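Structure first, commentary second.
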Number of protein chains: 2
Amino acid sequence: MPRSPKQLEEHRKQKKKLIMDVALELFAKGGFHATSISQITRKAGISKGLIYNYFSSKQDMLEEITETAYNEVYKNFDLDKDGVLTNEEFIFFIKETFRIVRENMSFWQLYFALMVQPGIQESFSEKYQEKSKPILNQIYAFLQKNGSTDPEGDLFVLSSLVEGAILYLVVAPDIFPSGKMEDKILQACFRLISTPEAPPKN
Amino acid sequence: MPRSPKQLEEHRKQKKKLIMDVALELFAKGGFHATSISQITRKAGISKGLIYNYFSSKQDMLEEITETAYNEVYKNFDLDKDGVLTNEEFIFFIKETFRIVRENMSFWQLYFALMVQPGIQESFSEKYQEKSKPILNQIYAFLQKNGSTDPEGDLFVLSSLVEGAILYLVVAPDIFPSGKMEDKILQACFRLISTPEAPPKN
DNA sequence: TGTTTATGACTGAACGTTCGGTCAAAAGTA
DNA sequence: TACTTTTGACCGAACGTTCAGTCATAAACA
């Protein structure tokens, strides 16, 4: 249809993105199995067959969507890796987390669905753990630096708190007064990481 | 006539429970839409038709399962209602929560799936909120008693922490060293509810 | 003309659901 | 006791429907 090979590739890229965006939204809202190819094509304004010019199967589509989405997510987490996190960087990290979740609600909805029901995408949990490991390691080091005697356990507690809050944000975004709650979670984090002897001045 | 009505009813009750147990497990593991009636009947050792002597539809089955399961869950939460929670009762409450989750893993897996994807069971989230409201109210009062200046916000933070931990417990039960982590969560709760001026002796 | 995107009617498999019918067991009858 | 009647749990083939995926064809460029 278009002209040069360059333009061609560009066009394919855009079409693929359109399909993936629509599919992600429908998968997130209704679930993978409950969403039909026809629904996707209807909403994307394309034909059924075209899907299979871009993806080899519905399953493949899901995998490409999750792969792309969490690459998108994690490329935003480039705190300088060399040193251990400062307090400011930790605050930034938490705020970034909430910002990213708020801007990719559909993905995070799908994320929880795939976490809870691993049968839908076999390797999702493992892949995700792998991707998030460097970040968790930084938090781990941050906890050690802050005098934690059980950084593993404290990391778990912190993760629970943040993941729980994200779950609320995703499940009930209109109940969640996000500005205030972000601050509350941040405060709670500092309460949890500070050693009992020396409470933080923050 | 044939069997006595008493015997009959008892038998029906048991059969229904068998079907519901099997279905709950499969729904939890594989998801509602991905689980077929045939799978359920195969695992329960019954015929396809029998399902429809006990339930009017697959959807109805899901609704009866969730209704029964969370009645089961909440009947165990009978702390004496009159007064405000003591510290000991609060500790008991958290420990009970984890115990109940550990003993009903399948339900809680399904719970998260239905929370994240409300399309599967329309009224689930609302029904669940209604059931859990009295408990949350008790915690709310407990937070007020403990000097919280923002019990609403603190309740949210506490809920996030506990729900996040439960999510971990459900998603990765073998990674979660449950004994230790329960204690950690409990400690974290007390850190969060204590006023900054007067840290708890616990 | 040759190449590639795009279409949508089509297919076979699998799904939830239905229904005519079977059968073990209890109650009635003698 | 032995035979008949009556019940409802139970079965599984078959139904209509929906699904993911296919393919012959057309349209739009080069």
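Keep in mind that this is a model prediction, so the values were computed, not measured.
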Taking DNA chain D as the partner, which of residues 27-36 of chain B come within under 4.0 angstrom of it by heavy atom?
none
Just N and O in the side chain of B/R12: are any of them under 4.0 Å from OP1 or OP2 of D/dG8?
no
Show me, pair by pair, the donor-acceptor contacts under 3.5 angstrom made by side chains of residues 110-123 of chain A, not counting sequence neighbours?
unit_1 : atom_1 : unit_2 : atom_2 : d
A/Y111 : OH     : A/E163 : OE2    : 2.7
A/Q117 : NE2    : B/A28  : O      : 3.2
A/Q121 : OE1    : A/T66  : OG1    : 3.3
A/Q121 : NE2    : A/T66  : OG1    : 3.3

Under a 4.0 Å heavy-atom cutoff, the residues of residues 37-62 of chain A touching DNA chain C are A/I46, A/S47, A/K48, A/G49, A/L50, A/N53, A/Y54
Just list the side-chain donor-acceptor pairs under 3.5 Å for residues 174-183 of chain B, sequence neighbours left out, or say none.
unit_1 : atom_1 : unit_2 : atom_2 : d
B/K180 : NZ     : A/D150 : OD1    : 3.4
B/K180 : NZ     : A/D150 : OD2    : 3.4
B/E182 : OE2    : B/R102 : NH2    : 2.0

Can B/K145 and B/F142 be said to form a side-chain contact (heavy atoms from CB on, under 4.5 Å), step by step?
CA-CA 5 Å; B/K145 191 197 77 174; B/F142 176 72; 4.3 Å; yes
My understanding is that only residues two or more places apart in sequence, or in another chain, count here; which of them pass side chain to side chain donor-acceptor pair (under 3.5 Å) with B/K15?
none
My understanding is that only residues two or more places apart in sequence, or in another chain, count here; which of them pass side chain to side chain donor-acceptor pair (under 3.5 Å) with A/Q129?
none
side-chain contact (heavy atoms from CB on, under 4.5 Å) partners of A/S57, counting only residues at least two apart
A/Q59, A/D60
Partners meeting side-chain contact (heavy atoms from CB on, under 4.5 Å) with A/K58 (sequence neighbours left out)
A/F27, A/F32, A/I37
Contacts of A/E152 that satisfy salt bridge (Lys or Arg N to Asp or Glu O under 4.0 Å) - sequence neighbours left out:
none
